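First the structure, in the form of structure tokens, and then the observations on it.
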Amino acid sequence: MEASAVYLCSATPAFAIVSLPPRPSLPRPLSGRFIKKSRKNVCRRFALSKTLQESHVSASSTSSSSVSASPVTAKPSFDSPARRAAVAEVKASPDPISVLPRVEGVLQVQDYNNLIRYFGESRRWNEISQLFDWMQRHGKLDFASYSSFIKYMGISRSPIKALKVYDSIPDKSMKINVSVCNSILGCMVTNGRLESSMKLFEQMKDDGLLPDLVTYSTLLSGWIKVKNGYCKAMRLVQELRSKGLHMDSVIYGSLLAICASNNLCEEAEMYFQQMKNEGHPPNVFHYNSLLNAYSVDGNYMKAEKLVTDMKASGLVPNKVIMTTFLKVYARGHLFEKSHELLSELEALGYAEDEMPYCIIMDNLAKAGHLSEAKRIFARVKERDVKSDGYSYSIMISALCRSGLLKEAKQLAKDFEGKYDRYDLVMLNTLLRAYCNAGDMESVMQMLKKMDELSISPDWNTFHILIKYFCREKLYHLAYRTTEDMYGKGHQLNEDLCSSLILQLGQSGFPSEAFSVYNMLKYSKRTLCKSLHERIVDILVAAGLLKDAYIVVKDNTPLLSEKCLERLAISFMKSGNINLINDVLKALHLSSYRIGPDIFHMAVSRFIAKPGKKDLLLQLLQWMSGHGYCVDSSSRNLLLKNAHIFGHKQIVAEILSKQYMMSRKTGSWNAKK
DNA sequence: CTAGGGTTAG
């Protein structure tokens, strides 16, 4: 089968459908910008270097001693030439750590802190770790040492290491020092560990931390680009108010940004006003956030007024303000105005990177002006604008949306030839282009690339692939990918799964179809009605009657009579005999009318298996209790085989009771 | 020189 053929070439690393021989070594360096955009992947990408750093720390941090006991003999005066010379020597040395023993008696804690900052600012993570380790062993630490070191661990994306150091702080009062706490919280936030930082914050307060405005602003900044971040932000704002703190311009800046990214225009306006009322004059960042909030709906009227106000207040629109303004116009489909702004940006030398072009291009394409978007794209190339590939991404997506699949694929290939850097969004874009063009080979290459770069697939990746595999009729592969998607905790897409279930059923994979149904059920609260019926039919057709019964039992009111009938017939014929009565009881609870033929089939099954006579008796009694009556052929069959019950009398009594009842109601079935 | 923030693109 085709599907398994694709799987044959693939064991399962990070991504279940790609195989790669050995794990790649360290990934190629990416631009800081790309790294910043996808924090989630950064952790994975730097896994190796992090491990290296950590093994370093664990070898040394065990010996951390207390803060105060430093064996300084000669205490040189503040900022003495000897100290300055020693600091300079350490800074200049190619192996700074080797210099430390020699200058141990000269350097003060502040000098070590100075060195931490120096190595931190020059991004020399190895030196900073070794230095800090030395300081720990020699007890040359104060709160500023912890604060700075943790800050740089945050910048070097080593939050685990920062946490270890924080945990290793022996002094309780040091652990609730507000600077140290702010550092570690900031470190966690900038490394995407929002939830942990909130937990840690609670713990710190329990231990006696008195948070200040910086603490709140640090935590607030984490919620800026998180969906529903506004709610979390509000809780923090309430808390800071309840502690008698007053919001400052920084806090307002974060709040405005949160409002803008959460699409909350009115709230943004409210905070902007409130800020002014409280005597904090807005700066370009505040203006930009509000402008950005206006851009969501392309509200250029308000934006124009805001820019006028801003100029009146003496602020000069900078590149960012102009670009955001351009975005307002583009979103509002005032393309001429946005073109004007673009020309202005170009004239001022503010259009040296692709950002403003991207904004116009994307909005042009989305408004249906593909050829104009292409013209802008050409302008990017002509003017030799610095590009990280976003313009490609935008155009490839635009071409895909317009159904120009070959062109999209060609552009994707162009990108790959020209750039050697990928992030998740770019990979998804290329993947989509290749999938749409039906280029399996390139699809597989993209998946490999993803694995090489240790970029984990996201919801989009899975969705693109599953859709593609379905289209290519690789249903089993689509199934495996769905399993993978579910296993990685992604919400499944109902429409896609629904069609996959149908296809799996039709191509001989009923169990897989059932599995997809169950995954979908567990990842969504309510499913489309018809889906239950669809899976029941598939299971019945495949003879997976027990599974079918389970679905029916849970969803009886949602199933049609015909569907129930099909299950009833099949189950009576070949379902597990021990469940026959249960199935009938379940059917009774639905609107389905159990007919005499169904009962006849059940009776025949039981008669053929005398060992199940108790079940047969239970059935007959249940029928009487619920107004059902066997038909004459069942009746004859039962009488003829009455011996199996031991006492013939029992069955005769039941049958006569049913008969009397049916004469009263005039039908075999008392149910309306 | 102890800690925080807000900018625009796929």
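These figures come from a predicted structure and were not determined experimentally. The analysis underlying the following values was restricted to heavy atoms, covering all of them including side chains, and did not include hydrogens, waters or symmetry mates. By convention in this document, chain letters (A, B, ...) are assigned in the order of the sequence lines, proteins followed by strands, and residues within each chain are numbered from 1.
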Can you tell me if A:Arg123 uses its side chain to pair, donor with acceptor, with the backbone of A:Gly120 under 3.5 Å?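 Side chain of A:Arg123 to backbone of A:Gly120, a donor-acceptor pair under 3.5 Å: yes, one is there.
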For the C1' atoms, the ones on B:dG6 and on B:dG10, what distance do you get once it is rounded to whole angstrom?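 Taking atom C1' in both B:dG6 and B:dG10, they lie 23 Å apart.
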If you measure from the C1' atom in B:dG4 to the same atom in B:dT8, how many Å do you get, rounded?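 Going atom to atom, C1' in each nucleotide, I get 22 Å.
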Has the side chain of A:Thr218 got a donor or acceptor that lies under 3.5 Å from a partner of the other kind on the base of B:dG4?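 When only heavy-atom distances are counted, A:Thr218 does not reach the base of B:dG4 through any donor-acceptor pair under 3.5 Å.
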Name the closest nucleotide to the [X] side chain, picking from [options].
X        : options              : result
A:Thr324 : B:dT8, B:dG10, B:dG6 : B:dT8
A:Val425 : B:dG10, B:dG5, B:dA9 : B:dG10
A:Arg117 : B:dA3, B:dC1, B:dG10 : B:dC1
A:Lys327 : B:dT8, B:dG10, B:dG4 : B:dT8
A:Cys358 : B:dA9, B:dA3, B:dT8  : B:dA9

Specify the separation, in whole Å, of atom [atom1] of [X] and atom [atom2] of [N].
X        : N     : atom1 : atom2 : result
A:Glu354 : B:dT8 : CD    : P     : 15 Å
A:Leu315 : B:dG6 : CG    : C1'   : 14 Å
A:Leu341 : B:dA9 : CG    : P     : 15 Å
A:Ile360 : B:dT8 : CD1   : P     : 17 Å
A:Leu220 : B:dG4 : CG    : P     : 15 Å
A:Leu424 : B:dA9 : CG    : C1'   : 16 Å
A:Trp223 : B:dG6 : CH2   : P     : 15 Å
A:Leu342 : B:dT8 : CG    : P     : 18 Å

Answer with base, sugar-phosphate or nothing: what part of the nucleic acid does [X] contact at a heavy-atom distance below 4.0 Å?
X        : value
A:Asp362 : sugar-phosphate
A:Ser393 : base
A:Ser183 : sugar-phosphate
A:Asn428 : nothing

Apply side chain to side chain donor-acceptor pair (under 3.5 Å) to [X] and list each qualifying residue two or more places apart in sequence or on a separate chain.
X        : result
A:Asn263 : none
A:Asn277 : A:Gln273
A:Ser221 : none
A:Arg383 : A:Glu346, A:Tyr357

Ignoring backbone atoms, test whether A:Lys225 places a side-chain nitrogen or oxygen under 4.0 Å from the OP1 or OP2 oxygen of B:dT8.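 A:Lys225 to B:dT8 OP1/OP2: side-chain N or O found under 4.0 Å.
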Under 4.0 Å from OP1 or OP2 of B:dC1: is there any side-chain N or O of A:Asn113 that close?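 Indeed not, no polar side-chain atom of A:Asn113 lies that close.
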Just to be sure I understand the geometry, which residues of [range] put a non-hydrogen atom under 4.0 Å away from DNA chain B?
range                       : value
residues 231-239 of chain A : none
residues 247-263 of chain A : A:Asp248, A:Ser249, A:Val250, A:Gly253, A:Ala257
residues 274-290 of chain A : A:Asn283, A:Phe285, A:His286, A:Asn288

Sort and list the pairs that fulfil side-chain hydrogen bond (donor to acceptor under 3.5 Å, both in side chains) and have at least one residue in residues 308-331 of chain A, not counting sequence neighbours.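 side-chain hydrogen bond (donor to acceptor under 3.5 Å, both in side chains) check on residues 308-331 of chain A returns A:Asn288-A:Thr324, A:Asn292-A:Lys327, A:Glu304-A:Tyr329, A:Lys305-A:Asp309, A:Lys319-A:Glu352.
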Using a 6.0 Å distance limit plus a 45 degree cone around the ring axis, check whether A:Lys91 lies over the aromatic ring of A:Phe119.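 Pair A:Lys91/A:Phe119 does not count as cation-pi.
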Applying salt bridge (charged side-chain N to carboxylate O under 4.0 Å, His left out), name anything that partners [X], two or more places apart in sequence or on another chain.
X        : answer
A:Lys205 : A:Glu202, A:Glu239
A:Arg117 : none
A:Arg401 : none

Provide the full list of ring-ring contact (aromatic ring centres under 6.0 Å, His included) pairs with a residue in residues 365-384 of chain A, sequence neighbours left out, each pair given once.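 Checked against ring-ring contact (aromatic ring centres under 6.0 Å, His included) - neighbours excluded - the pairs reaching residues 365-384 of chain A are A:Phe335-A:His369, A:Phe377-A:Tyr392.
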Mind telling me whether A:Tyr152 and A:Trp125 have parallel, tilted or perpendicular rings, with 30° and 60° as the class edges?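 Ring orientation, 0 to 90° scale: tilted.
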Using the six-membered ring wherever Trp is involved, compare the ring planes of A:Tyr216 and A:Phe201 and label them parallel, tilted or perpendicular (cut-offs 30° and 60°).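 Ring orientation of A:Tyr216 relative to A:Phe201: perpendicular.
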